[in-house]
Amino acid sequence: MTTMDVNMDIVPDGEAVTQSQISSVVSSAPNNSGLMVALHPLTLLNISDHFTRIKMQQQIQNPQVIGALVGIQTGRDVEISNSYELDFDTIDGKVQINHEYFITKQEQFRQVFPQFDFLGWYTMGPYPTEADIEIHKQMMEFNESPLFLQMNPFEMVTSKNLPITVYESIIDIIEGQAHTLFIKSQYKIETGEAERIAVDHVAHTTLGEGGEGSSLIAHLTTQRNAIQMLHTRIKLLHNYLDLINSKQTPVDHDILRQIAGLCNRMPTIDSADFKQEFLTEYNDVLLTTYLATITKGTNSINELVDKFNIANSTNRPGGRGRHQLYMGV
Amino acid sequence: MPIQQVGTVDELIEALLNHSDDRAEFIVKHIFPILRQLPQQFFLQNTADNRDPLERLDPTHYTVPYAYFLVARCNVERPDVANLLTYILEFLRSFDPTHIRLVPEKFLQVAQGLCRIASLYGNNIISIKPLTHALQKYSPSANHLTNLHQFFIKECLLTKCYRQALPILDNDITEIETTGTGISYIDHLLYHYYGAMVYIGLKNYTRALNFLVLVISTPAIVTSQVQAEAYKKFSLVSLLLHGKIIPLPKYTAPVVVRSIKNQCQAYQDYASAFESLNVKRLRNEFNKCSEAFRKDGNFGLVKQTLDAIYRRKIQQLTQTYLTLSLVDIADAIGLEGRDAPKIAERYILQMIESREIFATISHSDQGGMVSFHDDPDMYNTSNTILKLEEQIAKATKVSDRVIQTDRLIGCSREYLVKSKNIASGGVMPGGSHMDDQEFFAGGGGFDNFDPDDSGRFF
């Protein structure tokens, strides 16, 4: 096994640089341990919450958070179900995990969830560093080969992948010395039914922020985002075709065939029938909007008249207010 | 500071040129006292070297004194028409609005002077366009009412330049400010009354009706004659538009309602005759009251109603019959004479063109047959989209305006005082039908509430 070199070749089409290229503690050897990691959304929510909470409470841009992962491991199948925070002290620049706290917490967890084991730990960051190796060695006291989960809180969440990477540890012989290195591991997200509902709910609340969370607004925002994404993708295809046209890119017939297939599959939206129905529905929606505007306006006028009546009424009791300039409605 | 005494026009001009500060407070403090104590005769004089002081003064910087001079010269028995006209037009083109709003009554006099000069010159119409521009410059915004508005519209009526008045009339009056505009109650009534007459002249009956209702339902303690006249026109326009007199708003002053009953009895009889759609009865009423109509200057409108009754009857027919021959139509609507079917056909053609009914006339058999259809407009074209979007924009604008006024009232002293009284156990005005929830939820003024007071309503 050759050791990893720091200066790896940059992938030619300029795609996002993956973490392992820069890190010196991640092995580039292929992962053939056969470990299948299933990650529950609860874990991710916990980690994200932990980080956000610390960040808000201590007002630091990038605080260091460390926590433990628990779950079930049966043979080569690992299922990470839950996580909790860990306490640590920074002594001489090195991170020391608070052992007593960890053991207490583990005992408590064991009482509630007897089947869950300590499987690994997590922290935040773009890529693993030497410091993480140190912490990893501390963790190895409790589990011979713990997993290391790293979440990048500042990565753009535009791609389909989550900013999560799971690493296993291997012992590598470099120049006669045994080093612990990380190796990237495959993981998939596994969702129980209850988790599905919770995640859905959280996702919708974040969309409806800044208001009472009107479901109509959330719905429209989702639609808008979807249309925006569709638009960016179509633009991408369009750019590609332009480049081919101006002969800047070699022609790839396979892609061209796929694009042609896509165009053929689009519905015929040029027919007169479609226009008719579309216009009718459009006008119906406009009419409803108009009605809503008028209703809101009428409501404001009502309030205005009430205030006017009060402001101009006399102080005499009873219904004598009618004698004055009464703007009855 | 002692008021500077000026004896001759030259001294005045010197004084003005010395004080060349443009700010309004300065003008009020220094220039006004000088100008006010000078008699009218003073402004008729020329300078020492027999030149017109108007030549030396620049209307933009010395708007107020210029106006004084102009007014004095316009009111002479035999003014120097040609020169004066140029001066006035120059003034109206380049005056400073903030200055002139300090003396609104003078501005009105300038406008009146202009019209008098124009009539002496022989051509009234030349005053209209400059006045339009001047008015737009003069009023603080397009929606403000000024003392010049009613005068301007009257001029347009007298010179029959109806269309020129439209840019001014089309803006609804939503702001009333007495400081810079010198308006009074009668200005509001007259402006809308004249405006309605302009719209009637242009056959825009809907908007005319709006204006007339505004006049009639203005809050009043004593009825104004303008309101009575407005009601007469209102009844006729209402007949043309709706076939009956639409009920007046609930907030019309009771005095006005009573005066209307007393003064406009003839019109109400006429209207009930029209409503019955009985042509003979209408003609009777018409003959009875034609003198009264003529005296009120409403004769033209009444003649139009005679026409309109046939149209209404045709519209009624569309609801009963699918097809009808021209002869039958002529009979049904009460036309008589040999030419009756032809006249009926003419009416129907007009109505089809103006989209009041939807029908086809076929002459295939002897005598024409008319078949009526439903409204073929499915409202599913891009036309409708445009119209709807326009309406939505208008509604939003009005709604915003209402919310603004709502907030203003909510912060006003009277409202806060009264609502405080209510909260501390006073009696609610406006009757016992109040919906408590609605009331207390709606008040924006409660934001400024005194927190010491009982918060039990929240």
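All figures in this text were calculated on a predicted structure; none of them were measured in a lab. A, B, ... follow the sequence lines: proteins, then strands. Residue 1 opens every chain.
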inquiry  = The criterion is side-chain contact (heavy atoms from CB on, under 4.5 Å); which residues satisfy it with B:L248, sequence neighbours excluded?
reply    = B:I216, B:Y231, B:F234, B:T252, B:I260
key: Residue pair A:S300, B:D406: steps toward the side chain to side chain contact (heavy atoms under 4.5 Å, CB included) verdict   = CA-CA 8 Å; A:S300 333; B:D406 187 36; 5.8 Å; no
ask   = Got more than 12 heavy atoms from elsewhere within 6.0 Å of CZ, B:R407?
value = no
note = Checking heavy-atom separations under 4.5 Å from chain A, one finds in residues 184-194 of chain B none
inquiry  = What part of A:L287 gets within 4.5 angstrom of chain B, counting heavy atoms only: side chain, backbone, both, or neither?
reply    = both
task = Measure from the side-chain N and O atoms of A:K307 to the backbone N and O of B:I409, and report whether any donor-acceptor pair falls under 3.5 Å.
result = no
message = Strictly less than 4.5 Å between heavy atoms, which residues of residues 388-395 of chain B line up against chain A? Please order them by number.
response = B:L388, B:E389, B:Q391, B:I392, B:A395
Residues in side-chain contact (heavy atoms from CB on, under 4.5 Å) contact with B:E175, at least two apart in sequence or another chain = B:N143, B:H144, B:R401
ask   = Do other residues, nucleotides or ligands put more than 12 heavy atoms under 6.0 Å from the NE2 atom of A:H238?
value = no
inquiry  = Minimum heavy-atom separation for A:I310 and B:S419, please, with both atom names.
reply    = CG2-N, 4.3 Å
request  = Step through the shown structure and confirm whether more than 12 heavy atoms of other residues, nucleotides or ligands are within 6.0 Å of CG on B:D375.
outcome  = yes
task = Identify which part of A:Y290 has an atom lying under 4.5 Å from any heavy atom of chain B, answering side chain, backbone, both or neither.
result = both
inquiry  = Please check if the number of heavy atoms outside A:E281 that lie under 6.0 Å from its CD is greater than 12.
reply    = no
message = Return the CD1 to OG distance between A:I294 and B:S399, rounded to the nearest 0.5 Å.
response = 10.5 Å
